Participant: 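Quick one: this structure, given as structure tokens, is what I'll be asking you about.
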2 protein chains.
Amino acid sequence: MPKSGYLAIKGYISNMIRSKEWPPGHLLPTETELAVQFNCARATVNRALGELAEEQIIDRRRKAGSRVRDGRERMANLKIQFPCREVEAIGKEHRYVALKREICALPMILQSSSEMGQSDQCLRTEGVHYAGDTPFQFEQSWFRRDAFPELFEAGGKVKAPCVTLLEKNPFYHGSLSISASKANHVEARHLGIKMGDPLINKEYILTDGHDGTPVAVMQIRYKPDYSISCIF
Amino acid sequence: MPKSGYLAIKGYISNMIRSKEWPPGHLLPTETELAVQFNCARATVNRALGELAEEQIIDRRRKAGSRVRDGRERMANLKIQFPCREVEAIGKEHRYVALKREICALPMILQSSSEMGQSDQCLRTEGVHYAGDTPFQFEQSWFRRDAFPELFEAGGKVKAPCVTLLEKNPFYHGSLSISASKANHVEARHLGIKMGDPLINKEYILTDGHDGTPVAVMQIRYKPDYSISCIF
DNA sequence: AAGTGGTCTAGACCACTTA
DNA sequence: AAGTGGTCTAGACCACTTA
């Protein structure tokens, strides 16, 4: 542990909390008091406490001071990787086999309440992502035409939709939902497993950067040997 | 968007990146240049860039400067909630029904290579967490005796192990792994579902705060209507 | 009204990395 | 050797929240 600097202060406070010397709810010394104790400027204490608040270890409020949080709710960092990227990450060659590609009406989840009309069109794709020669993910997706016009231009070989998406904008926002289901015969055939086997599913809902309306849904199904990991 | 302050600088840079005016790999102006541009102190720019680096939007290296990251790997915040807490969070009453409780040898994953001997003992528990009257989670766990002596004192009514854990230390670290499996007849009976139904599983491995060795494993199985969500 | 934290400034020194 | 970011200081003013 560093002997000086804001990390020393962070370490000191973390230890007091971990050792339960300062239990949840405990009121911490003020920034000024800690600055005296550590013989440093208040800005240094402020950085230490600010990071602890960011990490949800303490709660800070003006005038009320800083308190140790009830730590029963923690956060972990989960890596978000679209299918093409996930295959690359395990060091295998990514290959996409398109199965379906059709224009359809917007599914419920992509219908924005306000604007209706000609944008009311949607591309639905279905395909399998291979890691080398092994089927890895079965993908079924919907894309609003007004948000992704370039996906509708089917020029040449059909690329995986996520590849086109990431070329357009590598910084999408949205939500991820993880669930389990039983493989139906289509999913089982394309993933090379038995019907009724358990699947892990990720459902990404991508949102527009400006108004936050949903613009795409990607449903990705994985074989039961797949798992998702993170640390906390 | 704020017109001044470090948030204005963050917003400006975020916009340049989102609009692809500054594509991945692009070299940002130096802190000094941005301080001139925004007519502020370098410390203010430093805070803005520091937060963008924290959020993995940019990469920063001394002398090399700050660059826009390849955004294809994003991070999402996943809430970590132990079973008792998860039931409370949906507003239901938490009740734990213990099914098994036995001393056994350490499973592989809890064996620390270095220290062996009398601590070589483990508590294995099995139980069901109810949300109100509905079975919600089937839990199977292992705890090292040397790390959780208080769990071995079976005084009075048996509490859920996670409750005792959180009383001892609300700030555990460890890893979470999410997978899917088929319900066997024990799991199916206790969760009130059919054998062969798909389950979502969480496996928590808790580690010691000091040396990082694993001290407990909690395997939690959920019915297929359960899902895990996060935003990114 | 008074006590907190939030943010900013102008300057400083240094660590690290590249050339 | 030179340019960048990392961190710190001493001081300032303010916003917010409680009493």
Side-chain angles (χ1 to χ4, degrees), chain A residues 1-17 21-71 75 77, chain B residues 1-17 21-71 73 75:
Chain A
M1 188 183 309
K3 287 207 172 53
S4 69
Y6 80 96
L7 287 172
I9 305 174
K10 258 186 91 169
Y12 168 77
I13 296 171
S14 296
N15 281 339
M16 296 303 270
I17 295 175
E21 213 148 333
W22 290 351
H26 177 86
L27 185 63
L28 269 66
T30 66
E31 293 191 347
T32 312
E33 286 165 352
L34 284 167
V36 170
Q37 178 180 340
F38 281 88
N39 189 31
C40 68
R42 186 168 76 87
T44 305
V45 176
N46 181 267
R47 173 160 190 191
L49 294 183
E51 291 196 0
L52 288 168
E54 182 74 24
E55 294 162 21
Q56 307 183 51
I57 308 291
I58 62 173
D59 266 332
R60 315 197 70 196
R61 266 162 46 229
R62 280 163 173 154
K63 164 78 181 173
S66 302
R67 285 182 187 278
V68 179
R69 276 188 63 143
D70 183 330
M75 289 291 185
N77 279 326
Chain B
M1 188 183 309
K3 288 207 172 53
S4 70
Y6 80 98
L7 288 172
I9 304 173
K10 261 186 88 170
Y12 167 76
I13 295 171
S14 296
N15 280 339
M16 295 303 269
I17 295 176
E21 213 147 333
W22 290 352
H26 178 86
L27 186 63
L28 270 66
T30 65
E31 293 191 348
T32 312
E33 286 165 353
L34 285 167
V36 170
Q37 179 179 339
F38 282 89
N39 189 30
C40 68
R42 188 169 74 89
T44 304
V45 176
N46 181 268
R47 174 160 191 190
L49 294 183
E51 290 196 0
L52 288 168
E54 183 73 25
E55 294 162 23
Q56 307 183 51
I57 309 291
I58 62 174
D59 266 332
R60 314 196 72 198
R61 268 163 44 229
R62 281 165 171 152
K63 165 75 182 176
S66 301
R67 284 180 188 280
V68 178
R69 277 189 62 145
D70 183 332
E73 267 189 26
M75 289 291 184

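Proteins get letters first, then strands, A, B, ... in listed order; numbering begins at 1 in each. All values reported here derive from a predicted model rather than from experimental measurement.
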Participant: How many angstroms lie between NZ in A/K10 and OG1 in A/T44, if you round to the nearest 0.5 Å?
Facilitator: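 Here the interatomic distance stands at 14.0 Å.
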Participant: Does atom CD of A/E54 have more than 12 heavy-atom neighbours, drawn from other residues, nucleotides or ligands, at distances under 6.0 Å?
Facilitator: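 No, the 6.0 Å shell around CD holds no more than 12 heavy atoms from other groups.
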Participant: What's the shortest heavy-atom distance between A/W22 and A/P29, and which atoms?
Facilitator: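 Looking at all heavy atoms of both residues, the shortest contact is CH2-CD, 3.8 Å.
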Participant: Roughly how many Å is it from CG in B/D59 to P in D/dT4, rounded to a whole number?
Facilitator: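 Rounding to the nearest Å, CG of B/D59 and P of D/dT4 are 17 Å apart.
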Participant: So if I take residues 44-58 of chain A and measure heavy-atom distances to DNA chain D, which residues fall below 4.0 Å?
Facilitator: A/T44, A/R47
Participant: Can you measure from CZ (B/R60) to CG (B/N46) and round to the nearest 0.5 angstrom?
Facilitator: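 One gets 5.5 Å once the value is rounded to the nearest 0.5 Å.
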Participant: Measure the distance from CG on A/L7 to P on C/dA15 and round it to the nearest whole Å.
Facilitator: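 Atom-to-atom, A/L7 to C/dA15, this comes out as 15 Å.
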Participant: How far does CD1 of A/I57 sit from CD1 of A/I13, to the nearest 0.5 angstrom?
Facilitator: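 Output value for this atom pair is 11.0 Å.
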Participant: Quick one: B/E31 CD to D/dG6 P, roughly how many Å, whole number?
Facilitator: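 B/E31 atom CD is separated from D/dG6 atom P by 6 Å.
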Participant: Looking only at non-hydrogen atoms, find the nearest pair between B/S14 and B/L52 and report the distance.
Facilitator: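 Residues B/S14 and B/L52, closest heavy atoms: OG-CD2, 3.8 Å.
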Participant: What is the distance from CD of B/E33 to C1' of D/dT4, rounded to the nearest Å?
Facilitator: 11 Å
Participant: Over all heavy atoms of both residues, which pair between A/I58 and A/R69 is shortest? Give the atoms and the distance, please.
Facilitator: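 A/I58 and A/R69 have their closest heavy atoms at C-CG, 3.6 Å.
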Participant: Go through residues 62-69 of chain A and report each residue with a non-hydrogen atom lying under 4.0 Å from DNA chain D, sorted by number.
Facilitator: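 Heavy-atom cutoff 4.0 Å gives A/R62, A/K63.
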Participant: What stems, by residue range, does DNA chain D take part in, given at least 3 consecutive Watson-Crick or G-U pairs under 3.5 Å?
Facilitator: C:1-18 with D:1-18
Participant: Side chains of B/L49 and B/L34, heavy atoms from C-beta outward: is any pair under 4.5 Å?
Facilitator: yes
Participant: Given C/dC8, is OP1 or OP2 found less than 4.0 Å from the side-chain N or O atoms of B/Y6?
Facilitator: no
Participant: Take the protein atom CG of B/L34 and the nucleotide atom P of C/dT9, then report the distance between them rounded to whole Å.
Facilitator: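 Rounded to the whole Å, the gap is 13 Å.
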Participant: Would you say D/dT4 has OP1 or OP2 under 4.0 Å from some side-chain N or O of B/R60?
Facilitator: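 So the side-chain polar atoms of B/R60 never come under 4.0 Å of the phosphate oxygens OP1 or OP2 of D/dT4.
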Participant: How many angstroms lie between CG in A/L7 and CD in A/E51, if you round to the nearest 0.5 Å?
Facilitator: 7.0 Å
Participant: Can you name the closest pair of heavy atoms from B/V45 and B/C40 and give their distance?
Facilitator: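 B/V45 and B/C40 have their closest heavy atoms at CG2-SG, 3.8 Å.
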Participant: Can you tell me how far the CG atom of B/D59 sits from the OG atom of B/S66, to the nearest 0.5 Å?
Facilitator: 9.0 Å
Participant: Among C/dT9, C/dG6, D/dG6, which nucleotide sits nearest the side chain of A/R42?
Facilitator: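 My answer, after comparing the listed nucleotides, is C/dG6.
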